[in-house]
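In what follows, every chain begins at residue 1, and chains take the letters A, B, ... in the order their sequences are listed. Just so it is clear, the values below take in all heavy atoms, side chains as well, and ignore hydrogens, waters and symmetry mates.
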Amino acid sequence: MDLKHRLLWETFGYTEFRPGQLKLIDAMLAGRDVLGVMPTGAGKSICYQMAGMLLRGVTLVISPLISLMQDQVTALQRAGISACFINSSQSAEERRDAIAAASAGRCKLIYIAPERLEMLRFHDVLHKLKISMVAVDEAHCISQWGHDFRPSYRRIPQFLESLPERPVISAFTATATAQVREDIIQSLHLHQPERLITSFDRPNLYYEVRRPYDRERQLLRFVQEHPGQCGIIYCLTRKKTEELAQYLCDNQISAAAYHAGLDAMTRRAVQRKFLSGEIPVITATNAFGMGINKADVRFVVHFGMPRNLESYYQEAGRAGRDGEPAHCLMLFDEADIGLHEYLIRQDPENPALTDEKVVWLKKQNLRRLEQMKRYVFTEQCLRQHILAYFGQDAPDFCGQCSNCESTSVEKDITTDAQKILSCVYRVKEQCDAEQLCDILRGEPDTGYASVSTFGIMRDTERAEILTEMHRLVGIGCLVRQENPSRLSLTAAAKPVLFENKRVTLRVRADISAQEQRLARESRASDNPQLSRELREFRKNIAKLRGKPAFSIFSDKILEKLVQKRPQTAEQLEHIAGTADLRGREKEKLLQMLRDH
DNA sequence: CGACGAACTTATATAAGTTCGTCGGTGCAATATT
């Protein structure tokens with residue numbers, strides 16, 4: 001057995017190298033720069049760790065997260081490798097010791113954050129060492145975070161140039177498009193690096209996209225369909241993580257929220273409980289993930305569309321690390337798109353960026369958002385779409401995503417389209433989608449009761465009208481104006497209105513069946529409007545008292561109220577006797593129930 | 001864009017309705033005057 005295989009077995013516990021690992025390690029040992037793009041546990045860190053051990057001098061590992069450094073260093077030390085980190089989590093004393101150990105050459109691998117490279121005081125320490133290699137872990141941060149969020153990432157080359165001798169430079173990441181790969185190579189000044197780009201395909205992941213009527217409910221259903229399994233639910237805001245954790249708990253699902261606004265102790269506790277399986281479901285912002293190595297995550301739900309496909313791929317990719325089947329579900333809403341667009345157009349609050357750069361960055365981000373949008377709207381294979389984004393060829397049919405699995409059905413919506421378009425015309429293009437919906441459905445108080453299209457879609461579900469409107473925007477018959485937001489007609493609407501040009505909508509057979517079931521159930525068992533009102537009512541009281549909603553009355557009681565609809569104080573007492581309501585509030589509740 | 005909270009208004013003396021403004025995600029780093 002050669003040295004490398006022995007090391008692999010003795011320190012890392014593997015008998016075989018994964019494809020490509022040896023090639024990269026040999027390249028580094030031969031003094032060549034390296035770029036490794038290796039999705040999921042393909043053993044990125046083993047590459048630079050082993051090379052670091054075998055190289056003559058010290059290897060400096062640039063890592064984005066303190067927790068990542070701690071995990072890796074602990075693992076290395078346990079395997080008997082002399083490694084250390086230097087960061088702000090240490091006391092002054094610990095840091096001094098670490099620096100002393102490093103200066104004395106007692107550390108083969110030193111982990112630090114890129115910010116530290118900018119501290120001139122620290123240069124003295126580093127310049128005394130013989131640095132054989134600088135390894136940049138999670139190198140996509142250069143592109144993803146480097147521009148506005150953590151600019152130190154882009155100043156790594158300045159540090160490299162300050163070194164008396166140019167070390168080997170290696171960069172590793174799990175997620176990088178061709179463009180990001182080039183960006184990494186350029187910004188780190190890699191010299192003709194040996195590249196290894198392994199496949200981005202994760203065959204055990206099932207991808208699904210849904211645009212549900214009621215996201216919360218779909219989420220609950222989905223989680224209930226995965227009893228006892230571990231999963232992550234990504235949200236766009238901190239607040240949403242808290243709300244959903246509460247909602248799931250109210251429904252007897254053990255869940256906890258995780259975001260950067262929580263204090264360090266809570267964060268650690270939540271993370272620990274998730275890893276141990278004590279809390280199987282985590283609702284989180286994108287703060288959760290990097291460095292979380294849990295192999296048996298069975299599902300990742302995106303409650304809201306992320307701002308680009310890299311983020312999506314990375315987050316969804318936390319499912320099924322063990323290679324067993326896992327489900328990646330995206331529940332999106334059009335409002336998500338508007339929000340991202342708005343935020344990107346907003347000026348970044350970073351004075352260090354030049355105007356030129358700001359313009360470039362916005363354009364870049366909008367382009368990436370565009371790709372994300374295409375993913376949620378495509379009727380093609382989702383897997384193929386993702387792989388194509390990372391520059392990888394794939395068949396048009398994977399059979400392992402919601403688009404492939406469902407036989408999509410084409411529905412003719414020409415008549416509805418004509419009704420909608422003519423309504424837009426009748427209101428002189430002064431209304432937004434919601435208002436148009438109200439008018440078409442003949443809701444009271446729209447102020448447009450006299451137009452001829454008022455109430456002509458009374459029998460169509462609101463969400464269906466919105467979907468159809470969306471389709472009309474999609475095919476260019478309608479455009480969304482900004483400030484105020486209104487829908488207006490384009491020339492493309494004419495053939496539809498006057499020449500009966502066909503408009504179709506692809507509805508997926510299975511989803512629409514599911515939606516029908518949902519709709520049927522909600523008609524039989526409840527009244528969506530009433531339950532919305534009750535929820536609202538409950539939320540307001542809860543807010544007034546500063547208590548969580550379920551403490552006023554549970555969802556179970558809420559459901560019973562909708563079904564039985566008590567009319568008298570006595571009946572109400574029977575159903576909601578345990579509710580935390582005051583006399584006045586009970587009266588109001590009764591009033592609401594009677595009104596329905 | 002849209003949700004939410006604070007401040008203000010409203011028709012009458014307390015609570016509801018309205019308008020306006022703010023905010024939304026990610027993490028390293030750290031230390032000196034009365």
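- Using P as the reference atom, B:dA3 and B:dG25 are 15 Å apart when rounded to the nearest Å.
- One atom, NE2 of A:His340, and another, P of B:dT26, lie 13 Å apart when rounded to the nearest Å.
- The aromatic rings of A:Phe172 and A:Tyr48 lie tilted to each other, with the angle between the two planes from 30° to 60°.
- By the 5.5 Å and 30° criteria, A:Phe149 is stacked with the base of B:dT26.
- Judged by distance alone, the side chains of A:Gln179 and A:Gln364 do bring a donor and an acceptor atom under 3.5 Å apart.
- The existence of a salt bridge linking A:Arg462 and A:Glu434 is confirmed by a sub-4.0 Å separation between a basic side-chain nitrogen and an acidic carboxylate oxygen.
- Taking the ring centroids of A:His327 and A:Phe222, they lie under the 6.0 Å cut-off.
- Residue A:Pro64 is in sugar-phosphate contact alone, with no base atom involved, counting any heavy-atom pair closer than 4.0 Å across all strands shown.
- Applying the ring pair (Phe, Tyr, Trp, His ring centres under 6.0 Å) test to A:His140 and every residue at least two apart in sequence or in another chain returns nothing.
- Contact check on A:Asp336 versus A:Arg215 returns a salt bridge, with a Lys/Arg side-chain nitrogen under 4.0 Å from an Asp/Glu carboxylate oxygen.
- Between A:Tyr375 and A:Tyr312, the ring planes lie tilted relative to each other; the angle falls in the 30° to 60° range.
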Nucleic acid footprint by protein, nucleotides 18-23 of chain B - heavy-atom cut-off 4.0 Å, B for base, S for sugar-phosphate alone: ------

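- For the pair A:Ala326 and A:Ala319, the tightest heavy-atom approach, listed with the atom from each and the gap, is CB-CB, 3.8 Å.
- Side chain of A:Glu115, nearest nucleotide from B:dT26, B:dC28, B:dG25: B:dC28.
- Using P as the reference atom, B:dC23 and B:dA30 are 29 Å apart when rounded to the nearest Å.
- Evaluation of the side-chain contact (heavy atoms from CB on, under 4.5 Å) rule for A:Asn87 yields A:Ile66, A:Met69, A:Phe85, A:Ser89, A:Gln90 as partners, not counting sequence neighbours.
- In this entry the distance linking CG of A:Leu236 with C1' of B:dC1 reads 12 Å, nearest Å.
- By the side-chain contact (heavy atoms from CB on, under 4.5 Å) test, A:Glu464 pairs with A:Lys411, A:Thr460, A:Glu461, A:Glu468, sequence neighbours left out.
- For the pair A:Asp333 CG and B:dA3 C1', the interatomic distance rounds to 13 Å; values are reported in whole Å.
- Taking the C1' atoms as reference points, B:dT9 lies 14 Å from B:dA13, given to the whole Å.
- Heavy atoms of A:His259 sit under 4.0 angstrom from primed sugar atoms or phosphate atoms, though from no base atom.
- Regarding A:Phe85, its CZ atom lies at a distance of 16 Å from the C1' atom of B:dA29, rounded to whole Å.
- Between the CZ atom of A:Arg155 and the C1' atom of B:dG27 there is a distance of 15 Å, rounded to whole Å.
- Counting only Watson-Crick or G-U wobble pairs whose defining distances are both under 3.5 Å, the stems of 3 or more consecutive pairs in DNA chain B are B:1-10 with B:15-24.
- We find that A:Glu138 and A:Lys44 are not joined by a salt bridge, their nearest charged nitrogen and carboxylate oxygen being 4.0 Å or further apart.
- Note: A:His123 and A:His127 have tilted aromatic rings, judged against thresholds of 30 and 60 degrees for the angle between ring planes.
- Side-chain atoms of A:Arg238 stay outside donor-acceptor range of the base of B:dG25, with no qualifying N/O pair under 3.5 Å.
- The ring pair (Phe, Tyr, Trp, His ring centres under 6.0 Å) test applied to A:Phe537 returns no partner, not counting sequence neighbours.
- Every ring pair (Phe, Tyr, Trp, His ring centres under 6.0 Å) that A:Phe274 has, sequence neighbours left out, goes to A:Phe288.
- Looking at residues 65-75 of chain A, you'll see A:Leu65, A:Ile66 sit with a heavy atom under 4.0 Å from some atom of DNA chain B.
- A straight line from CD of A:Gln144 to P of B:dC28 spans 14 Å, rounded to a whole angstrom.
- Separation of the P atoms belonging to B:dA11 and B:dT18 is 11 Å when rounded to the nearest angstrom.
- In this structure, A:Lys239 does not reach the B:dA3 phosphate: none of its side-chain N or O atoms is under 4.0 Å from OP1 or OP2.
- Among the protein residues, A:Ile337 comes within range of no part of the nucleic acid, since none of its heavy atoms lies under 4.0 Å from any strand.
- Considering only residues two or more places apart in sequence or on other chains, A:Tyr247 meets the ring pair (Phe, Tyr, Trp, His ring centres under 6.0 Å) condition with none of them.
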Polar atom pairs between nucleotides 30-32 of chain B and protein, under 3.5 Å, N or O only, would you list them?
residue: B:dA30; atom: OP2; partner: A:Arg116; partner atom: NH2; Å: 3.2

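- The CG-P distance, from A:Leu262 to B:dG25, rounds to 11 Å in whole Å.
- One interatomic measurement links the two molecules: CD1 of A:Ile344 to P of B:dG24, which rounds to 17 Å at whole-angstrom precision.
- Of the residues in residues 281-293 of chain A, those lying under 4.0 Å from DNA chain B by heavy-atom distance are A:Thr285, A:Asn286, A:Ala287.
- With sequence neighbours excluded, no residue forms a salt bridge (charged side-chain N to carboxylate O under 4.0 Å, His left out) with A:Asp250.
- If you find the closest nucleotide of DNA chain B to A:Glu243 and to A:Arg267, the one lying nearer the 5' end belongs to A:Glu243.
- Only the C1' atoms considered, B:dG24 is 25 Å distant from B:dA29, to the nearest whole Å.
- Comment: A:Lys373 engages A:Glu370 in a salt bridge, judged by a side-chain N to carboxylate O separation of less than 4.0 angstrom.
- Across the C1' atoms, B:dC8 and B:dT14 are found 15 Å apart, a figure rounded to whole Å.
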